[in-house]
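So the structure is just underneath, and the comments pick up after that.
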Amino acid sequence: MHTQYSPQNIEPVIQQRWEDQHTFHVDENSSQPKYYCLSMFPYPSGKLHMGHVRNYTIGDVLARFHRLQGFHVMQPMGWDAFGLPAENAAIKHGVPPAAWTYDNIAHMRNQLKRLGLSIDWQRELATCKPDYYRWEQWLFTELFKKGLIYRKSAMVNWDPVDHTVLANEQVIDGRGWRSGALIEKREIPMYYMRITAYAEELLSGLDHLPHWPEQVKTMQRNWIGKSHGCEVHFPYDSDSIGLEGVLKVYTTRPDTLMGVTYVAVAAGHPLATHAAQQHPQLAEFIAACQRGSVAEADVATQAKLGMDTGLFVIHPLNGEKLPVWVANYVLMAYGEGAVMAVPAHDERDFEFAQKYKLCVKPVIIPGDYQLASESLLNDSNALFDGLENISRPALHGINSNQVIDWTHGWQSCFAERGTLFASGVYDGMNFDTAFDAISNELVVHQLGGKRTQFRLRDWGISRQRYWGCPIPIIHCEYCGDVLVPAQDLPVILPEDVVVTGAGSPLAQSPDFYACTCPNCGRDARRETDTMDTFVESSWYYARYASHDCGTAMLDERAKYWLPVDQYIGGIEHAILHLLYARFFHKLMRDQGLLHCDEPFSRLLTQGMVIAPTFHREYPDGKKDWYSPAEIELSNDERGRPASAVLKADGAPVSIGNIEKMSKSRNNGVDPQTLIDQYGADTARLFMMFAAPPEQSLEWSDAGVEGAYRFLRRLWHFCMEHIHAGTVTAWSFQDGAAHTPLSEPLKTLRRQLHNAIKKIGDDYSRRQTFNTAIASIMELLNSLHRLDDHSLLARQVVQEALEAMLIMLSPIAPHLCTALWPELCPDSSLESQCWPIIDETALQQDTLKLMVQVNGKLRGEICMDRNAVQADIEREALAEPSVIKHLSGQQPKKIIIVPGRLVNIVL
RNA sequence: GCCGGGAUGGCGGAAUUGGUAGACGCAGCGGACUCAAAAUCCGCCGCCAGCGAUGGUGUGGGGGUUCGAGUCCCCCUCCCGGCACCA
């Protein structure tokens, strides 16, 4: 064995042995409890980036730790192989998406293997292969039969120059990323999955996931957005509208109904379309609203604009005529596409009313306020006509002297629940009473009533793209939408196409779309849309269990392995991917394929690895993004990046935000250099040491030397110990007969067994690997300081080194595997289990207590473990620095925190 | 805009249940070894004042609760993620 630590020599040998001996292959026959450890599979973008290294190292650490704990561990890997970047690469470099994807997979698989992950590679899958996606198509047909998939139209980003639908990501400042054309919203037909049918279960299921991060559950709850409110119908004013009917709105604040001063509808609302027929200016405004991207973030941040339709509706309770406005902040996709506006009690409505001089009518007195005087109560019954006239009513704080009214701009308390006034028979009611009374009254008039609403919308899965799973539908002029029969599946995606970026290649390939109707046999047209790639990633975790099953989507093995015991992936997937996967799990369960209700028992959401971005912007709005590797940075005097130039041409580039490493921003850092230079163990150790897994991490390779130095120090210390001759570890389980240990050896053993306890907790409950590593480093520092070469001391060192190698092996498996047989001849690390804690080694006879005076640290005392309160107080008061700070005063109180500190209060 | 997070020395981070702020590591400084350098080993290292003993101050900013706050509460600033067609 080498005296020098040489990862380049040992790592490939050990990896080859794992591969030859199928060390990590698992089946379903084991007496040990199963542990399914899964990391989110990667998109094969071309190269691994640091986010991948972090994700897969965390997964591997947990997998290896659980093997040491006696679990039967399955850790698979695969490829989320469909998606937009393959088409982008095809447009840019002329390579077919399939070839590009398979090349990337081959390269990234090698990179993953070089990291030494304990993966069962026989289960590898790629979602772009027909033997994977055929089952997705099969499930689609089953769900379609059940009515869980249906067709309706949806708004998309339309590029009028390239005649193509763009992803939100491809719309930059309202323009197409390639053409630079102004983007329009356009309505096209799509297939939808009825996720709302499972909204209630997806919500309540979160309460049964105790090992999911609270923040993820909160985000999903808010996303599903269950709310209790009222549907309110505003009858049409037939004089202005010329039609009979009602305008439906949904509100969570029926208590403010008497404060409604106008209603606002989305630009796509039928009433808006109706009004625009007589109103060219309005038609122009609606057209303007149709420009720009469909992304909610864009819609919600644009300036609030609106226009009066000239139409009126009737207030359902007091009969007043209310103007109908078209507003760009009302979303057609949410609720009824129309809102009742209560400017006095809703911030957005208030802002809109201010801008367009609409009435503000306060009807709620917030909890901490009362009306400033009785007389104002009567005056306030009038509608305030525009902002100038809303000086009343004024509110007076109950617990403060603050007087506020609506002329001073928006106050957040206006949106709070409170007591109704200026609301006729409802005056004086609180929120709950008013809610019931008003909704009952609406029911009586058949103009609405209580309703529970979800924010969650059905999932549109059609994509007008090539590189995805074909939707198994045939459109027949006579039979309508016909499912592709099971025996004709899979509908295979042709791999030899030319991608231009203008329109879908499938819609231009008669070889693909020309077919006959399975029902009537006449000529028909195959659906050319493909599925959202989130569909593939919603069920891959289950397919790993039945990876080679050719007769069904899943088999009995899935029931053995599922649910996934530990799922690890980026926090950016907190909502969409994790919600869709939970949804699919329930769909597969209801199809009889699975027994459990949730796919992932425990979830670790890894923080993102972020890095600076560099780009150049062109006059037409297009941007080129450059990799950090192509950039030369110069720093200012404080060491912050000041300017950047492209190495290739020496000309400046703009420094952008620090963002998650991604293909689209081109700011990923390739870990290959790190692995080539220092080895996989150092790369893994450094990644785990840099920060706890859940925290986001700005990439920097400063400190990687330190990780390497530690492994080398450990190697050398072991080698020196081994060369001095073989000893057996000091074992507390041998029973009595031990020579008593010296104080330094006792201290060392106390530190060791405290560390075993702490590191076990760090790996399992806390999942903080940085602190586990720090503890092992501290142990090595202590071993270095130990100046005792007696046999007894060498036995204690042997005990410590064995435990340290086992405890470090999940993080640096190659080094530990290589050293183990040297340290313990005729034995292998693979057959070891987690070290056992010697409780007697943890005992301490004396304890150090910190002494504070008025909460400030003034000294410390050493006390016997069993010291009583009076002894501690006496000892603390006798401390010289305490006497000094008491300066003769009598303490008022002495607080003792057992085993920690004494606080003397003056 | 809405939802969810985050902010601690020059840097990454630690402090697990309200109880010694800065573990562990990086960088830096000083020393040993060396012809020299690298590597290695030993020591110092929040900021201010002081020769020192020591004292003051300090966890993004402002307020509060408490004997005691990085940790709990209220307000604010900046940064990161998500917002349904990036994955």
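A, B, ... follow the sequence lines: proteins, then strands. Residue 1 opens every chain. The structure displayed is predicted, hence computed values, not measured ones.
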> If we ignore angles and hydrogens, is there a donor and acceptor under 3.5 Å between the side chains of A:Thr768 and A:Arg766?
Replying inline: yes
> Quick one: do the A:Asp701 and A:Tyr678 side chains pair a donor with an acceptor below 3.5 Å?
Replying inline: no
Pick base, sugar-phosphate or nothing for [X], based on heavy-atom distances below 4.0 Å to the nucleic acid.
{"X": "A:His573", "value": "base"}
{"X": "A:Ser462", "value": "base"}
{"X": "A:Val156", "value": "base"}
{"X": "A:Trp459", "value": "nothing"}
{"X": "A:Val165", "value": "base"}
{"X": "A:Asp761", "value": "base"}
{"X": "A:Gln464", "value": "base"}
{"X": "A:Thr301", "value": "base"}
{"X": "A:Glu296", "value": "base"}
{"X": "A:Leu849", "value": "nothing"}
{"X": "A:Arg463", "value": "base"}
{"X": "A:Tyr329", "value": "nothing"}
{"X": "A:Ala297", "value": "base"}
{"X": "A:Arg455", "value": "base"}

> Less than 4.0 Å between a side-chain N and a carboxylate O, is that true for A:Asp162 and A:Arg178?
Replying inline: yes
> Would you call A:Asp762 and A:Lys758 a salt bridge, taking side-chain N to carboxylate O under 4.0 Å as the test?
Replying inline: yes
Expressed in angstrom and rounded to an integer, what is the separation of [X] atom [atom1] from [N] atom [atom2]?
{"X": "A:Lys660", "N": "B:rC86", "atom1": "NZ", "atom2": "P", "result": "10 Å"}
{"X": "A:Leu779", "N": "B:rA23", "atom1": "CG", "atom2": "P", "result": "17 Å"}
{"X": "A:Gln852", "N": "B:rU20", "atom1": "CD", "atom2": "C1'", "result": "8 Å"}
{"X": "A:Phe710", "N": "B:rC24", "atom1": "CZ", "atom2": "P", "result": "13 Å"}
{"X": "A:Asn168", "N": "B:rA87", "atom1": "CG", "atom2": "C1'", "result": "13 Å"}
{"X": "A:Met777", "N": "B:rG12", "atom1": "CE", "atom2": "C1'", "result": "12 Å"}
{"X": "A:Trp223", "N": "B:rG5", "atom1": "CH2", "atom2": "C1'", "result": "17 Å"}
{"X": "A:Arg900", "N": "B:rG19", "atom1": "CZ", "atom2": "P", "result": "7 Å"}

> Taking the six-membered ring for Trp, are A:His716 and A:Tyr5 ring centroids under 6.0 Å apart?
Replying inline: no
> Is it true that A:Trp459 and A:Tyr192 have ring centroids separated by less than 6.0 Å?
Replying inline: no
Short side-chain N/O contact to [N] OP1/OP2 from [X], under 4.0 Å:
{"X": "A:Gln302", "N": "B:rG1", "result": "no"}
{"X": "A:Ser696", "N": "B:rG6", "result": "no"}
{"X": "A:Lys856", "N": "B:rU20", "result": "no"}
{"X": "A:Arg712", "N": "B:rU40", "result": "yes"}
{"X": "A:Asn770", "N": "B:rG12", "result": "no"}
{"X": "A:His716", "N": "B:rA39", "result": "no"}
{"X": "A:Arg709", "N": "B:rU40", "result": "yes"}
{"X": "A:Lys884", "N": "B:rG55", "result": "yes"}
{"X": "A:Asn222", "N": "B:rC83", "result": "no"}
{"X": "A:Arg665", "N": "B:rG81", "result": "no"}

>> For a quick check, tell me whether the side chain of A:Arg713 and the base of B:rU40 share a donor-acceptor pair closer than 3.5 Å.
In response: no
What nucleotide among [options] has an atom nearest to a side-chain atom of [X]?
{"X": "A:Arg457", "options": "B:rG25, B:rA84, B:rC67", "result": "B:rA84"}
{"X": "A:Lys758", "options": "B:rC80, B:rG12, B:rU16", "result": "B:rU16"}
{"X": "A:Ala295", "options": "B:rA84, B:rG56, B:rU20", "result": "B:rA84"}
{"X": "A:Leu901", "options": "B:rG82, B:rA84, B:rG19", "result": "B:rG19"}
{"X": "A:Asn903", "options": "B:rA87, B:rG12, B:rG68", "result": "B:rG68"}
{"X": "A:Leu857", "options": "B:rU20, B:rG4, B:rG19", "result": "B:rU20"}
{"X": "A:Val905", "options": "B:rG19, B:rC83, B:rC67", "result": "B:rC67"}

Where does the angle between the aromatic ring planes of [X] and [Y] fall among parallel (under 30°), tilted (30 to 60°) and perpendicular (over 60°)?
{"X": "A:His577", "Y": "A:His573", "value": "perpendicular"}
{"X": "A:Phe350", "Y": "A:Trp410", "value": "tilted"}
{"X": "A:Phe82", "Y": "A:Trp467", "value": "perpendicular"}
{"X": "A:Tyr43", "Y": "A:Trp100", "value": "tilted"}

Whole-Å [atom1] distance, [N] and [M]:
{"N": "B:rC72", "M": "B:rU59", "atom1": "P", "value": "15 Å"}
{"N": "B:rA69", "M": "B:rU54", "atom1": "P", "value": "24 Å"}
{"N": "B:rA21", "M": "B:rG58", "atom1": "P", "value": "13 Å"}
{"N": "B:rC42", "M": "B:rC47", "atom1": "P", "value": "24 Å"}
{"N": "B:rG19", "M": "B:rG12", "atom1": "P", "value": "25 Å"}
{"N": "B:rC80", "M": "B:rU8", "atom1": "P", "value": "15 Å"}

>> I want to confirm an ordering. Mapping A:Phe41 and A:Val216 to their closest nucleotides on RNA chain B, which one lands closer to the 5' end?
In response: A:Val216
> A:Gln170 or A:Glu347: which one's nearest nucleotide on RNA chain B is closer to the 5' end?
Replying inline: A:Glu347
Counter-base of [N], judged by Watson-Crick or G-U geometry with both distances under 3.5 Å:
{"N": "B:rG28", "result": "B:rC44"}
{"N": "B:rC83", "result": "B:rG1"}
{"N": "B:rU71", "result": "none"}
{"N": "B:rG58", "result": "none"}
{"N": "B:rC78", "result": "B:rG6"}

>> Anti or syn, where syn is a glycosidic angle within 90° of 0; which label fits B:rG68?
In response: anti
